[in-house]
There are 2 protein chains.
Amino acid sequence: MSTLEITKNLQSIDTSSLVDKVERKLIELLISKDIKVGDSIPKELELADVLGVSRTVVREALTRLKTLGLIETKKKRGAVLTNPDLTGLLEKSLYPEIMDKNTLREIFEMRLALEIGMADFIMERVTPEDVAALKAIVEDEPTVADQHLFQIEQEIRFHGKLYEISGNQVLKRFQQMLLPVFDYVHKSGLLKKMPKTKKFVSHKGLVEIIENGSAEMLRNAMRNHLENHFARIFE
Amino acid sequence: MSTLEITKNLQSIDTSSLVDKVERKLIELLISKDIKVGDSIPKELELADVLGVSRTVVREALTRLKTLGLIETKKKRGAVLTNPDLTGLLEKSLYPEIMDKNTLREIFEMRLALEIGMADFIMERVTPEDVAALKAIVEDEPTVADQHLFQIEQEIRFHGKLYEISGNQVLKRFQQMLLPVFDYVHKSGLLKKMPKTKKFVSHKGLVEIIENGSAEMLRNAMRNHLENHFARIFE
DNA sequence: AGACTGTATTATGTTATACATAATAATTTC
DNA sequence: GAAATTATTATGTATAACATAATACAGTCT
């Protein structure tokens, strides 16, 4: 065997900690067919005993699973398998203050893509009541957006409602969760300065399309509506 | 005071555990301006001492932060603040086997929205090399997709490249991460049976548009290309 | 019988202590 | 002065003991 091969083999040794191993074992257990959501998993001491490690290690592994939202623990009852809440999890680790600038910008971009791409779901699922609600929101909207603070709240109200109409909880929660990011991106000089705000498709225009138009029309209108944001990203 | 009011007041007592409190304290510390990415945070024993709790509690709180990707720990060095990797975190908790059916469907929908909505980023950032790469991918694509397995691999290759072209790492990793979900959704009878596969815009057609068309054209073409998926969702 | 109360049990939550291990700093050796 | 050795330090692991809260069970009272 050549030296190269030897070193190659050597560096593939298992450097993971005990907790890592136990965590893997537990996850295997969780996704096995034997355990369904709501079922309990063995007690800490049993696991420690079976796996041949201390309760400390088991507890730390369980803590990780808890943090990931895979299990919930209660006294006496023990730990039970739960279906993980992705958005809730993201929310927990989403602190714009300590996030990479580039990632922040990319998340901002993702939002733009989502709002354009979800047009089909909006048009498929919108109800007359939704349209009425949208109209109520944009009713007393100032033609010229001079009050910046008001404008932001209004933006959130309007676009939030759109996410709601999409009938997709994951999307809706995604938006809720990313709001702080958007706010942060706006405030920090992360993007280019706002260009001259030309007149693009307004909220009222979007509502009009949602009521009478097609998904394709909504996509294009939304793209136009978001033009200022795109312009800031694309220089 | 009425009994109702009393009980209302009583149930607002702090039921959070010690670890919860310590975790909050630590997060406050992390997002404070004093600590930047790469900086170390106090040692476990110091923290235990200052906060007046045992080292075990501090360790468990730190374990949570580690799991969330907010910090990394090394022996001797201690714990250092890191910018959290959102997608990596999601990946860790993403087990289609134990996820709620509805959530799975919603994630699938989100993918569709993203692929349509990212057209602008693709058109803005695509290079001649990218186009060449795309052409190479679709070159020997069978006109009639008879080999299902091959088709899936091909789908991943092609659309993966599109995510790459979007120049958005978060998006790209999102796709990578959600692939198992798509696979799972396809295999499980979660969606309606595939309708008669009519002839829609092909990969080759998409490439053609990317090379010579506009963002708007790409959005519409992509929507068309994904029609089968939409049909399965919308019945 | 049925509702309330107290007690026992059990599994997680918390503390304390000791030692192992790996990464860094300090020291010695040549 | 560079390399090897040793010391130090902070995290990783193990063990034992007790606290706490949720549940089950029995007992009491009307």
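Since we're looking at a predicted model, the values are computed, not measured. Here is the naming used below: chain letters follow the sequence lines, and residue numbers restart at 1 for every chain.
Taking only side-chain atoms of B:V53, from C-beta outward, the nucleotide of D:dT8, C:dT15, D:dA14 with the closest atom is C:dT15. If you check D:dA14, C:dT15, C:dG13 against the side chain of A:S54, the one that comes closest is D:dA14. Taking the side chain of B:K75 as heavy atoms from C-beta on, and the options D:dA21, C:dT14, C:dA23, the nearest nucleotide is C:dA23. Of all nucleotides listed (C:dT12, C:dG13, D:dT9), C:dT12 comes nearest to the side chain of A:K43.
A salt bridge does not link B:E28 to B:R24: none of the charged nitrogens lies less than 4.0 Å from a carboxylate oxygen. Electrostatic pairing of B:E109 and A:R125 counts as a salt bridge here, judged by a charged N lying under 4.0 Å from a carboxylate O.
In this structure, the CZ atom of B:R55 is 14 Å from the P atom of C:dC19, given to the nearest Å. In this structure, CG of B:L45 is placed 18 Å from P of D:dT8, rounded to the nearest angstrom. In this structure, CZ of B:R59 is placed 10 Å from C1' of D:dA10, rounded to the nearest angstrom. For the pair B:R77 CZ and C:dT21 C1', the computed distance is 18 Å after rounding to whole Å. Atom-to-atom, CD of B:E44 to P of C:dA18 comes out at 18 Å; the value is rounded to the nearest Å.
Nearest-nucleotide positions on DNA chain D for B:K74 and B:T56 put B:K74 closer to the 5' end.
For the residue pair A:E97 / A:Y184, no side-chain donor-acceptor distance below 3.5 Å is found, with atom types taken as modelled. A donor and an acceptor atom, one from each side chain of B:H159 and B:Q175, are nowhere located under 3.5 Å apart.
Among the atoms of the strands shown, only primed sugar atoms or phosphate atoms (P, OP1, OP2) are found under 4.0 Å from some heavy atom of B:T73.
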